[in-house]
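FYI, the numbering just counts along the sequence from 1.
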Amino acid sequence: QIVNNLNATSQNINQQLTDPSSPAGLLLNDKEAAAHIRVTLKNLQTSTQKLDENMEALQHNFLLRGFFRKKKSQ
């Protein structure tokens, strides 16, 4: 029975991976969608880096310096 359950599960996974309407199938079979996801991930990484740089600059801004000092001491 365990082997039958494993076979059924394996068949279900294979169907999901080959079905282009399922999320996994879309990612594995649609090259255009995969390219869009790559671009999105690259944009997220770039945005995160820029946000880190902006936060660092804000911490040194004379108007906000006191706020960040109080935040550190808490």
Audit row: N14, T18, side-chain contact (heavy atoms from CB on, under 4.5 Å) steps and yes/no: CA-CA 6 Å; N14 285 336; T18 56; 5.6 Å; no
N29 side-chain N/O to G25 backbone N/O, donor-acceptor pair under 3.5 Å: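 Side chain of N29 to backbone of G25, a donor-acceptor pair under 3.5 Å: yes, one is there.
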Short side-chain to backbone donor-acceptor contact, S10 and L6, under 3.5 Å: no
Atom of L58, atom of L64 and distance for their closest heavy-atom approach: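 The answer is CD2-CD1, 3.4 Å.
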Where R65 and H60 come nearest, the two heavy atoms and their spacing: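 Minimum heavy-atom separation between R65 and H60: NH2-O, 3.1 Å.
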With rounding to the nearest 0.5 Å, note down the distance linking [atom1] in [X] to [atom2] in [Y].
| X | Y | atom1 | atom2 | answer |
| --- | --- | --- | --- | --- |
| K72 | Q59 | NZ | CD | 6.0 Å |
| T46 | L51 | OG1 | CG | 12.5 Å |
| N54 | K50 | CG | NZ | 9.0 Å |

Residues in side chain to side chain contact (heavy atoms under 4.5 Å, CB included) contact with Q11, at least two apart in sequence or another chain: none
Partner residues of E32 under the side chain to side chain contact (heavy atoms under 4.5 Å, CB included) criterion, sequence neighbours left out: D30, H36
Residues that S21 engages under side chain to side chain donor-acceptor pair (under 3.5 Å), provided they are two or more places apart: D19
Within one Ile-Leu-Val-Met-Phe-Trp-Tyr cluster: L44 and I37, side-chain cutoff 4.5 Å: yes
Any N61 side-chain heavy atom under 4.5 Å of F68 side chain: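 With C-beta onward as the side chain, the pair stays apart.
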Pairwise side-chain contact, N7 with V3, heavy-atom cut-off 4.5 Å (strictly under): yes
Option from E56, M55, Q49 for which side chain to side chain contact (heavy atoms under 4.5 Å, CB included) with E53 holds: Q49
